[in-house]
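Positions are given from 1, in the same order as the sequence printed here.
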Amino acid sequence: MIPFLDLKLVNLPHEAAVQTAVNRVVASGWYVMGPEVQAFERAFAQTVGTRHCIGVANGLDALTLALMAWNFPAGSEVIVPANTYIASILSISQAGLVPILVEPDPQTYLLDTSRIEEAITSRTRAILPVHLYGRCCLMTPIWQLAERYDLRILEDAAQAHGARYGERRAGQLGDAAAWSFYPSKNLGALGDAGAITTDDDALADRLRALRNYGSTQRYVNDCIGQNSRLDELQAAVLSVKLLSLPSENEHRRMLARYYLTNIHQPDVQLPPADQIDQDAWHLFVIRHPRRDNLRTWLQNHGIGTDVHYPVPPHRQRAYASLNTLSFPISEQLHREVLSLPLNSAVKLTEIEQICVAINAFA
Ligand SMILES: *Cc1c(COP(=O)(O)O)cnc(C)c1O
């Protein structure tokens, strides 16, 4: 059996170093927002190449707090891809703003930048590009629109740790970026964790207050904040695992390269192969018109797969107001996408087996 993702195996190489870090935190007597969080924030900001990193409780909070920190008028609109993970859209709602969904490009699965301008209104305040599956959105047109219409850009970088865009890195492509360190991400904690990165000093100050009851000085509250702090244990674990992010991403790229050259099933649409070395390959997502049959076939060959995601956000009961809208490209993608095993614990020999099984599918 080749599981889609075995987190125990993913974390096994880090076990000894993580144990040491955990023991250090337990012995320190300091468990929330202490030296481990500061050290991780410094290291992650350096990895991303931004002035600031603000650790928070999870990726959804990272997105929500960034949107809250801009203090847009209630009811302001934020442009977001229709085929994203629902957290991108939930963050807009939770910040008291209105999500405006835009179709993706069916080749890259990323926000179709040619459709953004027609979605902009006088209420639009921000664009939320999602670097879905680990590939950075096409940013040049987004930068031009943001400039022309005075919009902020919040990158949803939850799937893009270590992704690059030309000379820049994910996290350097907007006014701020939101990160998740959920255990299954390219950089994953042993629990929930998240962060916001930015070069904006004032925004960073507001975020540091917002994540901690609106307070930067004990018992002094400057705004109505939340409790969304990163804890010392998760920060210590993340600092250990951050050291291996580049080599683990290289492993993902090696596996992706093998898939891209060895899957020959005629009805499979492969993800774009033009940026193999820039992509963080959080997921390896193919399309197939008979996705569910292919999934069962692989299951019968002992190969686990997953679907990211089976139901588009605008079809969820949570978004009744969006249920009547039609996004045919997103809906087709949700019917056809299939994620194949690809992570730091998968071996090349396993990818070889998976390719053989896919190519034998009739
Ligand atoms: C995982 C993820 C999130 C949310 O992160 P959590 O830490 O689970 O809250 C947001 N956006 C995208 C694209 C994600 O993949």
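- Gln265 places a side-chain N or O within 3.5 Å of a backbone atom of Asp267 that can act as its donor or acceptor partner.
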Could you pull out every donor-acceptor pair under 3.5 Å between side chains of residues 21-33 and any protein atom, sequence neighbours left out?
unit_1	atom_1	unit_2	atom_2	d
Asn23	ND2	Gln19	O	3.4
Arg24	NE	Glu36	OE2	2.8
Arg24	NH2	Glu36	OE1	3.1
Arg24	NH2	Glu36	OE2	3.1
Ser28	OG	Val25	O	2.8
Ser28	OG	Trp30	N	3.1
Ser28	OG	Trp30	O	3.4
Trp30	NE1	Val32	O	3.1
Tyr31	OH	Val26	O	2.9

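- No continuous path of ILVMFWY side-chain contacts below 4.5 Å connects Leu322 to Ile100, so the two sit in separate hydrophobic clusters.
- A donor-acceptor pair is defined here as one N or O able to donate and one able to accept, closer than 3.5 Å; such a pair exists between the side chain of Asp175 and the backbone of Ile153.
- If you check the side chains of Asn186 and His282, you find a donor sitting under 3.5 Å from an acceptor.
- There is a path of hydrophobic side-chain contacts, each under 4.5 Å, that joins Leu333 to Leu325.
- Contact of the Val78 side chain with the Arg125 side chain is not registered, since no non-hydrogen atoms from C-beta on lie closer than 4.5 Å.
- Distance alone, capped at 3.5 Å, places no donor-acceptor pair between the Arg164 side chain and the Arg168 backbone.
- We find the OG-NE2 distance between Ser247 and His251 to be 10.0 Å, quoted to the nearest 0.5 Å.
- Side-chain contact between Met139 and His131 is present, with heavy atoms from C-beta onward closer than 4.5 Å.
- One distance of note links CG of Leu151 with CD1 of Ile120; it measures 5.5 Å at 0.5 Å rounding.
- When atom types are taken as modelled, the side chain of Asn212 and the backbone of Arg208 share no donor-acceptor pair closer than 3.5 angstrom.
- Hydrophobic clustering of Ile, Leu, Val, Met, Phe, Trp and Tyr side chains at less than 4.5 Å, counting indirect connections, keeps Leu138 apart from Ile276.
- When side chains are defined from C-beta on, Ile142 counts as touching Leu111, because their heavy atoms get closer than 4.5 Å.
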Problem - salt bridge (charged side-chain N to carboxylate O under 4.0 Å, His left out) between Glu336 and Arg295, intermediate numbers included - result: CA-CA 11 Å; Glu336 296 186 354; Arg295 193 174 185 198; over 6 Å; no
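- Annotation: side chain of Pro271 is in contact with side chain of Ile286 (closest heavy-atom distance under 4.5 Å).
- Taking every heavy atom of both residues into account, Ala17 and Val240 meet most closely at CB-CG1, 3.6 Å.
- Panel note: side chain Thr113, backbone Pro141; no donor-acceptor pair is recorded below 3.5 Å.
- Interatomic distance, Ile2 CD1 to Ile303 CD1, rounded to the nearest 0.5 Å: 5.0 Å.
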Problem - Intermediate values then yes/no, side chain to side chain donor-acceptor pair (under 3.5 Å), Ser114 and Asp112 - result: CA-CA 5 Å; Ser114 72; Asp112 181 347; 2.7 Å; yes
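- Two residues are said to be in side-chain contact when any heavy atoms from C-beta on lie closer than 4.5 Å; Pro341 and Tyr259 meet this criterion.
- Ring planes of His301 and Trp297: tilted class, angle from 30 to 60°.
- Scanning both residues, Leu154 and Ala178, for their nearest heavy atoms gives CD1-N, 4.1 Å.
- Of the possible polar contacts, none joining the Gln234 side chain to the Ala193 backbone as a donor-acceptor pair under 3.5 Å is found.
- The shortest side-chain heavy-atom distance between Phe284 and Leu270 falls under the 4.5 Å cut-off.
- For an aromatic pair to be called close, the ring centres must be under 6.0 Å apart, and His161 with Phe181 satisfies this.
- Arg206 meets the side chain to side chain donor-acceptor pair (under 3.5 Å) test with no other residue; sequence neighbours excluded.
- By the 4.0 Å N-to-carboxylate-O rule, Glu248 lies too far from Lys241 to be salt-bridged with it.
- Side-chain N or O atoms of Asn11 include none that pairs as donor or acceptor with a backbone N or O of Val18 at under 3.5 Å.
- Between the side chain of Ser215 and the main chain of Val220, a donor-acceptor pair closer than 3.5 Å is present.
- When all heavy atoms of Val130 and Leu110 are compared, the closest pair comes out as O-CD2, 3.6 Å.
- Using the six-membered ring where Trp is involved, Phe361 and His288 have ring planes that are perpendicular, over 60° apart on the 30 and 60° scheme.
- The shortest non-hydrogen separation linking Thr216 to Asp205 is CG2-O, 4.4 Å.
- In this structure, the side chain of Tyr149 does not engage the main chain of Gln144 through any donor-acceptor pair within 3.5 Å.
- The aromatic rings of Tyr109 and Tyr133 stand perpendicular to each other, their planes meeting at an angle above 60°, with 30° marking the opposite boundary.
- The two residues Tyr319 and Pro313 come nearest to each other via the heavy atoms CB-O, 3.9 Å.
- For Glu250, the salt bridge (Lys or Arg N to Asp or Glu O under 4.0 Å) partners at least two apart in sequence or on another chain are Arg253.
- Asn221 CG to Tyr213 OH: the interatomic distance, rounded to the nearest 0.5 Å, is 10.0 Å.
- Contacts of Arg291 classified as salt bridge (Lys or Arg N to Asp or Glu O under 4.0 Å), with partners at least two apart in sequence or in another chain: none.
- The CG atom of Leu60 sits 9.0 Å away from the OG atom of Ser88 when rounded to the nearest 0.5 Å.
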Problem - Verdict with supporting geometry, Asn83 and Ser330, side chain to side chain donor-acceptor pair (under 3.5 Å) - result: CA-CA 5 Å; Asn83 64 322; Ser330 296; 4.9 Å; no
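- Enclosure of atom OH in Tyr85 is not indicated, since only 12 or fewer non-hydrogen atoms of other residues, nucleotides or ligands lie within 6.0 angstrom.
- Trp179 places no side-chain N or O within 3.5 Å of a backbone atom of Gly171 that could act as its donor or acceptor partner.
- By the salt bridge (Lys or Arg N to Asp or Glu O under 4.0 Å) test, Arg135 pairs with Asp274, sequence neighbours left out.
- Between Val98 and Ile92 the shortest side-chain heavy-atom distance does not fall below 4.5 Å.
- A salt bridge is absent between Asp150 and Arg148: the closest approach of a Lys/Arg side-chain nitrogen to an acidic carboxylate oxygen does not fall below 4.0 angstrom.
- For Arg123, the side-chain contact (heavy atoms from CB on, under 4.5 Å) criterion is met by Glu77, Thr121, not counting sequence neighbours.
- Here the CD-CD1 distance, from Glu41 to Ile196, works out to 9.5 Å after rounding to the nearest 0.5 Å.
- With a 4.5 Å cut-off on side-chain heavy atoms, Thr84 and Ile86 do not count as touching.
- Residue Gln46 qualifies as open at atom CD: its count of foreign heavy atoms under 6.0 Å is 12 or below.
- The residues Asp277 and Arg257 are annotated as salt-bridged, a charged nitrogen and a carboxylate oxygen being separated by less than 4.0 angstrom.
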Problem - Candidate pair Asp201 and His52, rule side chain to side chain donor-acceptor pair (under 3.5 Å), full reasoning - result: CA-CA 8 Å; Asp201 299 342; His52 305 283; 2.7 Å; yes
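- Residues Leu65 and Leu210 approach most closely at O-CD1, 3.7 Å, considering heavy atoms.
- Around OH of Tyr165, the count of heavy atoms belonging to other residues, nucleotides or ligands within 6.0 Å exceeds 12.
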